[in-house]
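Everything on this sheet refers to the single structure shown next.
Whatever order the structure lists them in is the order used to number ligands and atoms, beginning at 1.
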Amino acid sequence: MRSSSVILCATGAALAAAGLLLPASPVAARFSSFDPQANEVLNRMTLDEKIGQMTQADHNGLADPADVEKYFLGSVLNGGDSDPKSGNTLADWTAMYLGYQSHALKTRLAIPLLYGVDAVHGHNNVLGAVIFPHNIGLGCTRNPELVERAERAVAEEVRAGGINWVFAPCVTAPQDERWGRTYEGFGESPDVVKSMAAAAVRGFQADDLRNPFSVLACAKHFIGDGGTTWGTGSPIDQGDTRVDEASLRRIHMQGYITAIEAGVGSIMPSYNSWNGQKCSGSHRLLTEILKGELGFEGFLISNWAAIDQLPGDYSSQVAQSINAGMDMAMVPERHARFIAALKAVVADGRVSVARIDDAVRRILRVKFAMGLMAAGWTPQIDPRAKASFGSAEHRAVARECVRQSLVLLKNSRKTLPLAKQIGRIHVAGKSADNLGNQCGGWTIDWQGRSGNVTTGTTILAAMRSAVSKSTRVAFSRDGSGAAGADAGVVVVGETPYAEGKGDRADLALTQEDVDAINRMKSAGIPVVLVVVSGRPVILGDALEKADAVVAAWLPGTEGAGVADVLFGDYKPTGKLSISWPRAMAQIPSHPGDAKYDPLFPYGYGLTY
Ligand code: BGC
Ligand code: BGC
C-alpha cells in the first residue's frame, strides 16, 4: 500500500525540484483575468477566424487535415472509435497530434488547437496506457486524494502524446442503474460526486494549466444526464430528466459547483432534456445558471452532434444553441456545414456578433491560461511525460485505486482472505482471465471489447503471481474440474458496453454465469464470487451459493489490486457508492425513500 504513494511522492518531488509543479495557486481560475490579452487577439480576428475557433471537428471527420487551416478550426477531437490512421500506439497518436498542430500554426494568427479525447479512465483509447477503474469504483474508495493522484497520472499519460484536453471528469449522479453510463459516475449521491469532481479536476489540471503535465478538464454532461425517466417517450440515455429545479440543483448540480471551484476550464452540456427541453439549447441552464449564477468563466463544448437534436432546421438548431450559451460545437462529421450555418445566422442577425465575441473570448481565455498563446509556442512533449506512459509508477497508482474500490459484500465463515499457501485454488468464470471485461467500455474502442485488448494483468494472472510456489491456481471458464480444490473463485458479471448500447431492462446474471457458480458450488468447496460489472447486478440465488462476494466494478488493467484483496494484502475499505438492489422492481431506489430496502444499502462494505 505504501510503495505506490512513495513512488508518486518521489515523482512529485522531482517535478517540484525541477520547477515544473508550480506552487499551489488556485487555477480556480479567474479565467477572466486573461481578458486583456484575449481581447487584443479578438480585435484582430475576422468573423471566419472567430467561427473557426468555435468549431471542433473529429479526426475521422476531417477528410483533409488542411481543413484546420482552411476553416481556422479551434479544436479537433478523437471520438471513441476514431484512432489515428497509422495505428494505435502512443507514437501514432503523437504523430497525429503534432500533424494537426502544425496545420493550426500555419494559420494567419497561428492559434494552437485544443485537442480533446475521452480519457475517462486512463488515456483509454491508446494501446499500452494504464487503464484505471471506472468512476463507479473510484467512488467506492471514498478517497478524493487518491482520485486526484489517479487523474494526475492520467494527465501525464495524455500529455505523453501531446494532447491537451480531456472530456472528463464525468460528474453525473446516476439515479437509475439500468442506464448504460452508470459506471461513468462516481455514485448516486451528490456527496460522493462533489468531492470526487473537485479532486479529479485538481488532478487533471494540477496547479497550473501551463504545466507540461496538465490537461484541461471538462466536467460533463450538464445537467441531469443520470436522472432521466425511462419510459413514456423518454429513453434512459439522452432522455428527459423530469424533476423540479430544487431536485435538479440538489442531486445533479453539486459536481459542477465543486468542479468550477476547483477551476475546471470547460463543461459539456448534455444530450438529455430537462422537463422536455434539451439542455444544449437552454439559455436558463447554460447562461443564467452556469455562467451567471455559478460564475463559470471557461467555455462550453457541445456533446457529439448534440446540436443536431434541437428542434427545427439546422440553422435554427445552431442559433438556439449558440444563443443559449454554447461556445464551441462538437460537430464531428460536418464542421463545414456548422460553419456555414453559423455564418448565415450571424449575417441575418439571429446570432449577435457580441455573442460570438463572448464565446471566442471564453475559448481564448482558456488558451491563454494554458500557455498556448505564448509568442512562438510550439507543441512540446516533456520526455518525462513520455516516459511515464504505461509506467510501473502509474500502474501502482491504478492498483491502489483497484484495491480501495473493491467492496466486500459477504464473507461467511471467514472465507476471505484466502491463504496464499493452500494447495489448490480453482478459478472459474468468463471474466477471470479477460482484460477487456475487466476494463469495460471506453477502452481501446468506444463500446469496449472482451479479450486481450491491451497491456495489463488479468485477475487470474494476478492470483497466480500472488500465491506461494506450492499453491496451484487452476482455471476452467465453466467451473468444471473444481472438485478437490481447497477454495474456488468465480469471476463473472457484465461484458463491455458504453453509452446507448449498455441500457438494460434486466441486470440478472447470465445463464453462463449462473452455471459457472453452480458448478463451483457443487464441487463442495468454499466459493468466492467476484462480480466484474459497471453497476450492481441482480445476484439472486448466487448470494446464497457463494460464501463470499466481492464487487470489483470495472477495475481496469491492474488485476493485481483484486488479488491484493482476495489474499488479504489489503483489507477491504470500499463502501458502496450506489445502492445494490434485490430485484429489478426496486430500481430506482435511494436512501431516504420511504420503501428503501435494497440488498445492500448505499455505504455498505465489510472488511476482514
Ligand atoms: C459522449 C461524450 C463524449 C463525446 C466525445 C459523446 O457521444 O456522450 O461523453 O465526450 O461523445 O466522444
Ligand atoms: C464515437 C463516440 C461518440 C459516439 C456518439 C461514436 O462513433 O466514437 O466518441 O461518443 O459515436 O454517437
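- Aromatic ring orientation, F368 versus F34: parallel (interplanar angle below 30°, classes split at 30° and 60°).
- Contacts with ligand 1 closer than 4.0 Å are made by side-chain heavy atoms of R181 only, the backbone lying farther away.
- Salt bridge present: D176 and R178 bring a charged side-chain N and a carboxylate O closer than 4.0 Å.
- Close contacts of ligand 1 with H221, meaning ligand atoms under 4.0 Å from a residue heavy atom, involve 2 (C), 8 (O), 9 (O).
- On a distance-only criterion, N78 and ligand 1 share no N/O pair closer than 3.5 Å.
- With sequence neighbours left out, F296 forms a ring pair (Phe, Tyr, Trp, His ring centres under 6.0 Å) with no residue at all.
- Ionic pairing of D48 and K343 is present here: one or more N-O contacts between side-chain nitrogen and carboxylate oxygen are shorter than 4.0 angstrom.
- In this view, W165 and F167, F299 satisfy the ring pair (Phe, Tyr, Trp, His ring centres under 6.0 Å) rule, not counting sequence neighbours.
- Between atom 11 (O) of ligand 1 and the options D225, N303, D81, the minimum heavy-atom separation is to N303.
- Taking only nitrogen or oxygen atoms, main chain and side chain alike, D118 reaches within less than 3.5 Å of ligand 1.
- Atoms of ligand 1 found under 4.0 Å from any heavy atom of M268 (numbered from 1 in listed order, with element): 10 (O).
- Between the side chain of K501 and the main chain of Q447, no donor-acceptor pair closer than 3.5 Å is present.
- Where the criterion is an N or O separation shorter than 3.5 Å, residue side chain and backbone included, Y271 meets it with respect to ligand 1.
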